[in-house]
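First the structure, in the form of structure tokens, and then the observations on it.
Within every chain, numbering begins at 1; the chains are lettered A, B, ... in the order of the sequence lines, protein sequences first and strands thereafter. Everything quoted here is computed from the prediction, not taken from an experiment.
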There are 2 protein chains.
Amino acid sequence: MNTSRPRGPGRPALTRTDGTPIRVLVVDDDPDLAEVLSGALRYEGWEVRTAGDGVSAVAEARDLLPDAVVLDVMLPDTDGFTVLRSLHAVRSDVCVLFLTARDAVEDRIAGITAGGDDYVTKPFSLEEVVARLRGLLRRAGMARQLEDGPRLTVGDLTMDEEAREVTRGGELVELSPTEFELLRLLMHNPRRVLSKAQILDRVWSYDFGGQAHVVELYISYLRKKVDAGRPPMIHTVRGAGYVLKPAAR
Amino acid sequence: MNTSRPRGPGRPALTRTDGTPIRVLVVDDDPDLAEVLSGALRYEGWEVRTAGDGVSAVAEARDLLPDAVVLDVMLPDTDGFTVLRSLHAVRSDVCVLFLTARDAVEDRIAGITAGGDDYVTKPFSLEEVVARLRGLLRRAGMARQLEDGPRLTVGDLTMDEEAREVTRGGELVELSPTEFELLRLLMHNPRRVLSKAQILDRVWSYDFGGQAHVVELYISYLRKKVDAGRPPMIHTVRGAGYVLKPAAR
DNA sequence: GGGTGCGCTGAGAGCGGGCTCAGAAGTTGC
DNA sequence: GCAACTTCTGAGCCCGCTCTCAGCGCACCC
């Protein structure tokens, strides 16, 4: 996996207010999942460490003083709530993103999002995890946006990630959840060719068994809504993937 | 380190008159509850500390000199009223919000609130606790409102939090307590998508075991009263949650 | 210029999220 | 003690979303 990654031109990156990379701690007892996650976060240009249980998580946190923690609720030793308390003791303004099984949502998530923290249910897509973390960090005010705020812009296409609002040339564009996620990925990587495999990896959840064919399908949906009669911004690079770039005048 | 969490767009924040964050001490012997509470208060941008019993509460108070204290009446060592006296000795103008069981309300609480303090009965919703604290601080004159007073406005929708009065386009809208609380949360977060879990966490009491289904139900109630024939302000974002925004022109 | 395969799109099935209605249980006020 | 109101549960329905399948067009290669 490619670990060195200069941000592409136009790639909006978050850094800490002093300009150093954002520090994230990933806590999950499944090493494979932790690896995939930390890969995606490093791809954002962030500094990442991992821990496999609650005790080492707190130990790592004491050392790293992370800005954010990605925390599996089900850990071999302790439950998420206890870890949360310890983390807040280490650094009171830490942001926490919980990972939880879908059916476990109801019972004990209660109160977790109250402190401004957030959660995603397994299985999740990497794009979603990254987006949630970005949102948390931005709201906590510990991050500095290198570009202009929560509104993402490519050409005359804009996306407000918090309001989930997309406009093209001032007109509102209505998107389904998956379409939105796909467009978000494209808009975070303007002028960069993304392969179908990359897109599948980031937009669809990691346990998705389907074909790369869905990517073509959703690109076609997006074109109908985003390009619709206007000069095209979504381009196919045959044999390589897709690019989003401002429409040539 | 940046400990203040700037409110989202349109989110009215309170600070002390010198502009520094409001300082709150949370006293409860249930660590989970204390954690949830302090999370919610930190989310308001306030500085929070916790204590688990009366003795450490007074010790913390001497150190922090809090503007307000959230105080469980039932403590392992002392009762709330003794703590109250000690707190007033530390800082005579401190605001106190009592937490009490429903059936214990009658007798002595009444006398307390005469002193300008307030109470909520368990189980409570976080939105309620935060609202009561805001009211206390404002009345005590130790807080400075960063935005425009107690009246909340989104489009042609207004809410007077103190009078519990809501108008849409000048017309009075009558709401039940829960409906009011839900709308308050939405109006504090205009143009931001709130998930059902977030709403559940803040509007319903922390021990509510029910389904996210009630949120849909109450959204539908609100729509009937707030949107009723007018251009809709409450929007569903499928798979994500709900947003309140000014009606499109 | 013809073949090959990649990419595009239309049709449609299945599913599940979200809305509404009806009613039970609890609460408040007269 | 009754009436009005509020809150929440359950059931059923509808429709939007997702994905599969299949057929076709077009780009590229020889």
With a 3.5 Å cut-off and heavy atoms only, can you find an N or O donor on one side and an acceptor on the other between the side chain of B:Tyr221 and the base of D:dC8? yes
C:dG10 phosphate, OP1 or OP2: any side-chain N/O from A:Lys224 under 4.0 angstrom? yes
Any side-chain N or O of A:Ser220 less than 4.0 Å from the OP1 or OP2 oxygen of C:dC8? no
At under 4.0 Å between heavy atoms, what does A:Ile219 touch on the DNA or RNA strands: base, sugar-phosphate, or nothing? nothing
Given C:dC8, D:dA27, C:dC19, identify the nucleotide with an atom nearest to the side chain of A:Arg238. D:dA27
Rounded to the Å, how far apart are B:Leu222 CG and C:dC19 P? 12 Å
Which comes earlier along DNA chain D counting from the 5' end, the contact point of A:Gln211 or that of A:Leu175, where each point is its nearest nucleotide? A:Leu175
With a cut-off of 6.0 Å (strictly less than), are more than 12 heavy atoms of other residues, nucleotides or ligands near CD of A:Gln211? no
Hey, does the side-chain of A:His213 have a donor or acceptor N/O within less than 3.5 Å of a partner on the base of D:dC19? no
Please tell me whether B:His235 and B:Arg223 have a donor and an acceptor in their side chains that are separated by less than 3.5 angstrom. no
Between C:dG7 and A:Lys196, is there an OP1 or OP2 to side-chain N/O distance shorter than 4.0 Å? yes
Can you tell me if A:Trp204 touches the phosphate of D:dC19, counting only side-chain N or O atoms and a distance under 4.0 Å to OP1 or OP2? yes
Look at the side chain of B:Tyr242 and decide which nucleotide, out of C:dC19, C:dG10, C:dC8, has an atom nearest to it. C:dC19
Can you label the angle between the B:Phe208 ring and the B:Trp204 ring as parallel, tilted or perpendicular, going by 30° and 60°? tilted
From the set D:dC19, D:dC8, D:dT7, return the single nucleotide nearest to any side-chain atom of A:Phe208. D:dC19
For D:dT7, does OP1 or OP2 lie under 4.0 Å from any side-chain N or O of B:Ser176? yes
B:Thr178 side chain N/O closer than 4.0 Å to the phosphate oxygens (OP1, OP2) of D:dT6? no
If you measure only the distance, is there a donor-acceptor pair under 3.5 Å linking the side chains of A:Thr113 and A:Asp118? no
